[in-house]
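One structure is given below, encoded as C-alpha cells.
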Amino acid sequence: MRNRELANIFNKIGDALEFKGEMPFKIAAYRKAARILEDLTEDIEVLWKAGELTSMPGVGTGIAKKIDEYLRTGEMKKYREAIEGIPPGLLVLLNIQGMGPKTLRLAHGKLGVKSKADLEHVIEDGRLARLPGMGPKKVENIKKGLEVFTAEEKRISIGIALPLVEEIIEWIKKAGVQKVAPAGSLRRMKETIGDIDILCASQRGSEIIEHFTNFERTDRVLAKGETKGSIVVKEGHQIDLRVVPEECFGAALQYFTGSKPHNIKLRSIARERGLKISEYGVFKGDRRVAGREEEGVYSILGLAWIPPELREDRGEIELGKVPELIDYNDIRGDLHIHSRYSDGANSVREIAEFAKELGYEYIAITEHSKSAKYAGGIDERKLEAQMAEIDRAQGEVGIKIFKGIELEILKDGSLDFDDDILENLDIVIGAVHLFLKQDMTGPILRACSNPNVDVIAHPTGRLISRREGYKVDMNKVIEHAASTNTALEINAYYDRLDLSDVNAKRAKESGVKILLGSDAHNLGMMGAMRFGVGVARRAWLSKDDVLNTLLAAELESWLKDRV
DNA sequence: GCCGTTTTCGGCCCGACTGTTTTCAGTCG
C-alpha cells in the first residue's frame, strides 16, 4: 500500500505552497487529497490500475495525474518544484503553535532562519521580536510553542484520555452544572487523542472556569477567561474547557466534536440551504433556527443525527440514515483473557466472578502457549490442569467459560500445539508475539488455513506510539481470513486497538467476522472492552459483524461449524 | 486544485482571539 506515502507527499506540497503564499484553496485541495488517501480503505494502486482515481470526490484531473506520475515513475514533478529552494527542516517548524506560514516566511526571508536552532537563536537575541508585525508577546507565544514542539507527538491513547476526562467532568459537575460532555476526537472515540476538549452549558462562565482550573491534579493554568479555560495536568496532558449558554449547547457540541472535514461538509450543505452554522447555532439571517440540541443542527439540514464515531466525512453524511452500530451493551462476553496460569494476575474463578458482575454471559480463558516464554506461556500439561479448574469455576460461578488458548504462531507458520490438542479446545486465537522483525504475512496466512484456528489476535502487532508492528500485508490477511472464515480481533487493550478502525472497516466489507477481546491480564483491564467497541463503531460495525454479541449457544455453534 | 444541470468560471466554512495596529493580519480550532 502506497496510500500513506502519497498522502505524505501531498501534505508536504500543501506545507510548501502555504509557505510560498500560494492560493489558499489550492493548498486546501492538496490537503484534502492527502486526507482522502489516508482514509482510503482500498489500495490506491488498485484504483489507479482500474483508471478510477477521479472517482474519489476531491480528486480531479490534476491530482489524478500527479498520482499516476508518482506510481509510474516514483517521482512527482510538482512536489520537486514545490519544495525547491526550501531548506529541509524548515517546514516542520509550521507545527509550532503560534508559528504560521506568514511568520515563518518572514523569519526565513529577513533573518535567514533555516532550522529550529536558528529560530531559537533569533528569539534569544531579540531579532525576531523586532520584525514588522512582531512583538514581545508574539515571540513569547512562539517560544512556548517551541517547548511543546520539542516534546511533540504525544497524542494520548483513548484508554488514558477517557478515564482522565471522566474524572475531570465529575469535578466540573461539583460546580453545580448539569450539562458537561467531552467533545473533539475523544467523543469520536479516535484511537489517539491530541487535545482534550470538554464542553459545558452555563451562564456562570468565569466561575465554572475558575473551579475547573482548581482541579486537584492541575500542574499549570494556561488560560482562564469567561468562556474558555485551559490547564495542563500533572501527567502532562492539556485539557480545554469551553462554557457556552444553554441555548447554544447542541451547536457547540456538534461544532467542537468535529471532525473538521465533517463540519466543513455540513456547513456547505447549510450554505446551499441559505443557512449558516457556527458554534452558536444554525442561523437564517440573524435568526437562530437551531442549536439547543445537537439533533436539531442535523435535522434542519435534512439529516438524521450522526453518531460521533462516524463523523469523519467518510460517506456518513451522504448516507441519509443512521447505520445500526454495535453498542457496548450488545457485548455478551470477553473471549481473550489471561489468568494466573500464564501472565495474568487473577484466578479463573476471580475472572469468572468479575465477568458476571459486568453482566457477561460467557468468557474464554486464553493463556499464552509455551513458546511465549516471556509471558509464562503454558505447555500441554498445564493446559490440561487448567481445563479441570475451568470446569470447577464454571460450576461454582454459573457462567459459561470457554476453554481457549492464545496460540503462538511461529516463524514458519507452524503452531505451538499439535492439532490433537487444539481440537479439544473451544476457541483458538492465533497470535504473533515473536519474530517481530520479519514479514509475518506468510505465517499468519498459514495459521488461518488451519481449521483449528478460529481467530487471529491483534493482527498487525502494533503498539500505539511505541511500536509499528511487524511487517504484514493486511489486504492478504483480510482476503484469506474471509476465505477460511477466520475471525480477526479488535484487541481492546488501549495500547493496541489492533485491528485499527480502518482495517476493521475493510475486513467487514470483505465479510470477515470480528472478535472483540480485552486481552486482560487483570480484572481492571477487562474494562478496556469499551475502547474496542469505540473502534468497532468507528469501523461502522454492527452487532452482526461481531462474534461476542452472540448468545453462548450461537457462538458455540459458530466455533464448531465455521469451517 | 476541485466542482457543477441554474454555473466550465468563480466560487470554495466560520468565528474568536491575539497582538499589533489605529482598522486589521495572522493563527487557531
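Residue numbering restarts at 1 for every chain, and letters A, B, ... go by the order of the sequence lines. The model shown is predicted, which means the values in this text are computed figures rather than measured ones.
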Q | Interatomic distance, A:Lys284 NZ vs B:dC14 P [rounded to whole Å] | A | 15 Å
**Q.** A:Glu210/A:Lys224 ion pair, N-O < 4.0 Å
**A.** yes
Q | Nucleotide nearest A:Lys66 (side chain, heavy atoms from C-beta), chosen from B:dC17, B:dG1, B:dA16 | A | B:dG1
Q) For A:Glu279, which residues count as a side-chain contact (heavy atoms from CB on, under 4.5 Å) partner, sequence neighbours excluded? A) A:Tyr255, A:Phe256
Q: For B:dG15 and B:dT21, measure between their P atoms and round to the nearest Å.
A: 27 Å
Q. Is A:Glu75 paired with A:Arg80 through a side-chain N to carboxylate O contact shorter than 4.0 Å?
A. yes
Q) Does A:Asp498 come within less than 4.0 Å of A:Arg462, counting only side-chain N to carboxylate O? A) no
Q: Report the distance from atom CG of A:Leu131 to atom P of B:dG19, rounded to the nearest whole Å.
A: 17 Å
Q. Is A:Lys143 paired with A:Glu120 through a side-chain N to carboxylate O contact shorter than 4.0 Å?
A. no
**Q.** C1' atoms of B:dG26 and B:dT20, separation to the nearest Å
**A.** 10 Å
Q: Taking only the side-chain heavy atoms of A:Thr227 (C-beta and beyond), determine which of B:dC17, B:dC14, B:dT18 contains the nearest atom.
A: B:dC17
When you compare the protein's N or O atoms with those of nucleotides 3-9 of chain B, which come within less than 3.5 Å of each other, and at what distance?
unit_1: B:dC3; atom_1: OP1; unit_2: A:Gly58; atom_2: N; d: 2.6

Q) If you measure from the C1' atom in B:dT18 to the same atom in B:dT23, how many Å do you get, rounded? A) 15 Å
**Q.** Contact list for residues 252-266 of chain A, test salt bridge (Lys or Arg N to Asp or Glu O under 4.0 Å), sequence neighbours left out
**A.** A:Lys265-A:Asp313, A:Lys265-A:Glu318
Q. Taking OP1 and OP2 of B:dC12, is either one under 4.0 Å from a side-chain nitrogen or oxygen of A:Lys26?
A. no
Q) Considering only B:dG19, B:dC12, B:dC14, which nucleotide approaches the side chain of A:Phe25 most closely? A) B:dC12
Q: Please measure how far the C1' atom in B:dT7 lies from the corresponding atom in B:dC12, and state the result in whole Å.
A: 14 Å
(Q) Quick check on contacts: within residues 247-264 of chain A, what sits under 4.0 Å from DNA chain B by heavy-atom distance? (A) A:Tyr255, A:Lys260, A:Ile264
Q: Hey, which sits more toward the 5' end of DNA chain B by its nearest nucleotide, A:Asp195 or A:Ile277?
A: A:Ile277
Q: Decide, yes or no, whether a salt bridge links A:Arg187 with A:Glu294 under the criterion of side-chain N to carboxylate O below 4.0 Å.
A: yes
(Q) By the 4.0 Å heavy-atom rule, please label A:Lys65 as base, sugar-phosphate, or nothing. (A) nothing
Q: Rounded off to whole Å, could you give me the CG-to-P distance for the A:Leu266 and B:dC12 pair?
A: 17 Å
Q. Are any of the side-chain nitrogens in A:Asp15 or A:Arg31 under 4.0 Å away from the carboxylate oxygens of its partner?
A. yes
Q: Could I get the full list of side chain to side chain donor-acceptor pair (under 3.5 Å) partners for A:Glu207, not counting sequence neighbours?
A: A:Arg204
Q) Expressed in angstrom and rounded to an integer, what is the separation of A:Ile198 atom CD1 from B:dG29 atom C1'? A) 16 Å
(Q) Using OP1 and OP2 only, check whether a side-chain N or O of A:Arg242 sits under 4.0 Å from B:dG29. (A) no
Q: Could you tell me whether A:Lys505 and A:Asp501 make a salt bridge, using a distance below 4.0 angstrom between a side-chain N and a carboxylate O?
A: no
**Q.** Partner nucleotide of B:dT8 by Watson-Crick or wobble geometry (both distances under 3.5 Å)
**A.** none
Q | Pair A:His108 + A:Phe19: ring centers closer than 6.0 Å | A | yes
Q. How close or far is atom C1' of B:dC14 from atom CG of A:Asp286, stated in whole angstroms?
A. 15 Å
Q: List the protein contact pattern of nucleotides 23-28 of chain B with one symbol per nucleotide (5' to 3'): B for base contact, S for sugar-phosphate-only contact, - for none; contact means a heavy-atom distance under 4.0 Å.
A: ---SSS
Q: Consider the side chain of A:Ser278, meaning its heavy atoms from C-beta on, and name the nucleotide among B:dC2, B:dG19, B:dG15 that approaches it most closely.
A: B:dG15
Q) For atom C1', what is the distance between B:dG1 and B:dT5, given to the nearest Å? A) 22 Å
Q | Among A:Leu497, A:Thr192, A:Val165, A:Ile464, side-chain contact (heavy atoms from CB on, under 4.5 Å) partner for A:Ile158 | A | A:Leu497
**Q.** Gap between atoms CE and C1', on A:Met23 and B:dG10 respectively (whole Å)
**A.** 10 Å
Q) Within this structure, what is the CG-to-C1' distance between A:Leu37 and B:dG1, rounded to whole angstrom? A) 14 Å
Q) When the distance from OH of A:Tyr280 to C1' of B:dC14 is rounded to whole Å, what number comes out? A) 11 Å
Q: Determine, for A:Glu69 against A:Lys77, whether the closest basic-nitrogen to carboxylate-oxygen distance falls under 4.0 angstrom.
A: no
